[in-house]
Participant: 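First the structure, which I've put down as structure tokens, then a few questions once you've had a look.
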Amino acid sequence: MTSERFAVPVCHEHPSPRVTLLRIDRPHRRNALDAETIKLLKAGLEESARRRDAAVVITGGDEFFSSGGDVASMPGPEDGVFGPAARLSLIHDLVTSMVHADQLIIGAVERYALGAAWGIVLACDLVVAADNAYFKAPFAARGMTADAGTAYHLPRRLGQQRAAAHLYLGEPLTAADARTAGLVTETVEAGHATARAVELAAALAAGPIQSNAITKSLLAQDRADLAGFLANERTAMSLAGHGADAREGQTAFLERREPNFL
């Protein structure tokens, strides 16, 4: 296996004309999102814009999408007032770029998308998920507040009570239930999410690219207040990150035990 030091955490591919595929490639960390990975995803979006692509596929490959933020690499209170939220600024830049890109962003989810990774999926325009995949927001178990815009998207798309069950209790959402709720475009057999997402991207590339981009800008009006929410989320994450709950949650995760918040 490639060592972490020399691994390329995001691979760029061009499976068909005017389509970019961004593949998170950190299998030794279950595709956890560290700062470099997030920056490379955003750089991939910028490259796609320069290429005037029709669509971008974001995938974790055929094993899993992502286990969420890389807890081991997260800054802490010792890094200053906004230290705990430093990585969050990168996630916010990525999510904002996805929402406002002219390219249509297609998420391809195998097995699971957790925490911040679910936030990335929620920012996609279309989502293909394996039929055995699930989504989960385990922020409370780590003593943190929800991030990556999950607390913005979920109440608006699931309703307050269903969103609360995911954000407070960490209940998983299956791919089938996500499709019923309108969070997933379609489900496919396990191992085929990326291939199907590439098919959809190729179809978009053969279609009316400019008018699709304009339609996306109209749909984005539904998220007109996203920027203000993310600014508040950054402050909330910083506040929570300085508390005892966050210290216990992160320590318990790294020690592979259940947290004790008493």
Side-chain angles (χ1 to χ4, degrees), residues 1-68 70 90-91 93-114 116-130 133 148 175 184-207 209-210 212-213 216:
M1 181 179 294
T2 305
S3 69
E4 184 170 359
R5 178 180 177 185
F6 296 106
V8 179
V10 176
C11 298
H12 295 216
E13 303 170 24
H14 304 291
S16 64
R18 309 198 77 171
V19 172
T20 289
L21 186 148
L22 302 176
R23 178 166 52 88
I24 306 169
D25 190 21
R26 300 187 74 213
H28 51 294
R29 299 289 295 168
R30 297 189 300 154
N31 286 350
L33 303 168
D34 63 353
E36 182 182 7
T37 302
I38 299 166
K39 289 177 182 177
L40 287 175
L41 286 172
K42 185 169 184 292
L45 292 182
E46 293 169 349
E47 178 195 330
S48 178
R50 288 192 294 270
R51 285 165 43 90
R52 297 179 183 271
D53 282 340
V56 177
V57 174
I58 300 180
T59 178
D62 293 337
E63 294 292 327
F64 37 68
F65 186 78
S66 170
S67 58
D70 190 344
L90 299 176
I91 286 280
D93 286 345
L94 174 61
V95 167
T96 301
S97 296
M98 291 171 64
V99 170
H100 294 293
D102 287 337
Q103 291 67 39
L104 300 186
I105 315 298
I106 306 174
V109 181
E110 293 284 349
R111 197 170 170 191
Y112 51 69
L114 310 181
W118 193 6
I120 290 175
V121 172
L122 288 167
C124 290
D125 301 296
L126 300 170
V127 177
V128 178
V184 164
T185 310
E186 64 179 87
T187 56
V188 296
E189 185 180 349
H192 295 273
T194 298
R196 177 56 180 155
V198 169
E199 288 180 358
L200 292 177
L204 291 169
I209 297 175
Q210 293 183 357
N212 281 344
K216 175 173 176 173

Participant: Is it the case that the side chain of E110 and the backbone of A193 share a donor-acceptor pair, with hydrogens and angles ignored and the cut-off at 3.5 Å?
Facilitator: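 Present.
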
Participant: Which distance, rounded to the nearest 0.5 Å, do you find between the CG of D125 and the CG of L200?
Facilitator: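 It comes to 12.0 Å.
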
Participant: What verdict does the side-chain contact (heavy atoms from CB on, under 4.5 Å) test give for V56 and L22, after you've listed the backbone C-alpha separation in whole Å, the side-chain angles of each residue and the deciding distance to 0.1 Å?
Facilitator: CA-CA 7 Å; V56 177; L22 302 176; 3.9 Å; yes

Participant: Would you say the side chain of E186 lies within less than 4.5 Å of the side chain of V188, judging by non-hydrogen atoms?
Facilitator: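 They are in contact (side-chain heavy atoms under 4.5 Å apart), so the answer is yes.
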
Participant: Can you tell me how far apart CG (D25) and OG1 (T59) are? Round to the nearest 0.5 Å.
Facilitator: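 Taking CG in D25 and OG1 in T59, the distance rounds to 10.5 Å.
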
Participant: Are D70 and R26 close enough for a salt bridge, meaning some N to O gap below 4.0 Å?
Facilitator: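 Between R26 and D70 there is a salt bridge, with a charged N closer than 4.0 Å to a carboxylate O.
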
Participant: Evaluate whether atom CD of E63 has more than 12 neighbouring non-hydrogen atoms of other residues, nucleotides or ligands under 6.0 angstrom away.
Facilitator: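 Open.
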
Participant: Determine whether K39 and L90 make a side-chain contact, defined as any pair of heavy atoms from C-beta on separated by less than 4.5 Å.
Facilitator: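 K39 reaches L90 side chain to side chain.
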
Participant: I need the minimum non-hydrogen distance between A130 and A175, along with the two atoms involved.
Facilitator: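 Closest approach of A130 to A175: O-CB, 3.3 Å.
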
Participant: Rounded at 0.5 Å granularity, tell me how far CZ in R196 sits from OG1 in T185.
Facilitator: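 That separation rounds to 10.0 Å.
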
Participant: Test T20 against V57 for side-chain contact (heavy atoms from CB on, under 4.5 Å), laying out the working first.
Facilitator: CA-CA 6 Å; T20 289; V57 174; over 6 Å; no

Participant: Kindly compute the distance separating CG (L33) from CG (L41), expressed to the nearest 0.5 Å.
Facilitator: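 Atom-to-atom, L33:CG and L41:CG are 7.0 Å apart.
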
Participant: For S67 and R29, work out which heavy atoms get closest and say how close.
Facilitator: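 Closest approach of S67 to R29, heavy atoms only: OG-O, 3.5 Å.
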
Participant: Minimum heavy-atom separation for A205 and P17, please, with both atom names.
Facilitator: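 Of all heavy-atom pairs spanning A205 and P17, the closest is CB-O, 3.6 Å.
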
Participant: Would you sort out whether V198 and L21 count as a side-chain contact (heavy atoms from CB on, under 4.5 Å), showing the intermediate values?
Facilitator: CA-CA 8 Å; V198 169; L21 186 148; 3.5 Å; yes

Participant: Please name the pair of heavy atoms, one in V95 and one in G119, separated by the smallest distance, quoted to 0.1 Å.
Facilitator: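 Scanning both residues, the minimum pair turns out to be CG2-O, 4.5 Å.
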
Participant: Determine, stepwise, if the pair H192 / E189 fulfils side-chain contact (heavy atoms from CB on, under 4.5 Å).
Facilitator: CA-CA 6 Å; H192 295 273; E189 185 180 349; 3.9 Å; yes

Participant: Quick one: do the N31 and S66 side chains pair a donor with an acceptor below 3.5 Å?
Facilitator: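 Their side chains do not contain a donor-acceptor pair, so the 3.5 Å distance test is not met.
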
Participant: Pick from I58, L204, V19: which one makes a side-chain contact (heavy atoms from CB on, under 4.5 Å) with I106?
Facilitator: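 That would be L204; it is the only one of I58, L204, V19 passing the side-chain contact (heavy atoms from CB on, under 4.5 Å) with I106.
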
Participant: For residues V128 and V109, determine if any side-chain heavy atom of one lies less than 4.5 Å from a side-chain heavy atom of the other.
Facilitator: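 Of all side-chain heavy-atom pairs linking V109 with V128, none is under 4.5 Å.
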
Participant: Look at K216 together with D102 and state whether they make a salt bridge at an N to O cut-off of under 4.0 Å.
Facilitator: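 Looking at D102 together with K216, the answer is no, because their closest N to O distance does not fall below 4.0 Å.
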
Participant: Do H14 and R51 have a side chain donor and acceptor closer than 3.5 Å?
Facilitator: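 Per modelled atom types, H14 and R51 side chains form a pair under 3.5 Å.
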
Participant: So, taking the atom named CG in L122 and the one named CE in M98, what distance separates them when rounded to the nearest 0.5 Å?
Facilitator: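 If I round to the nearest 0.5 Å, the distance is 9.5 Å.
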
Participant: If we count only N and O atoms by modelled type, under 3.5 Å, do the side chains of D93 and T96 hold a donor and an acceptor together?
Facilitator: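 There is no such pair between these side chains.
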
Participant: List the atom of Y112, the atom of R30, and the distance in Å for their closest heavy-atom pair.
Facilitator: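 Heavy-atom minimum between the residues: OH-CD, 3.3 Å.
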
Participant: With rounding to the nearest 0.5 angstrom, report the CG to CD distance, L40 to E46.
Facilitator: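 So the CG of L40 and the CD of E46 are separated by 10.5 Å.
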
Participant: So, for G44 and H12, which heavy atoms are closest and what is the spacing to 0.1 Å?
Facilitator: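 Looking at all heavy atoms of both residues, the closest pair is CA-CE1, 3.4 Å.
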
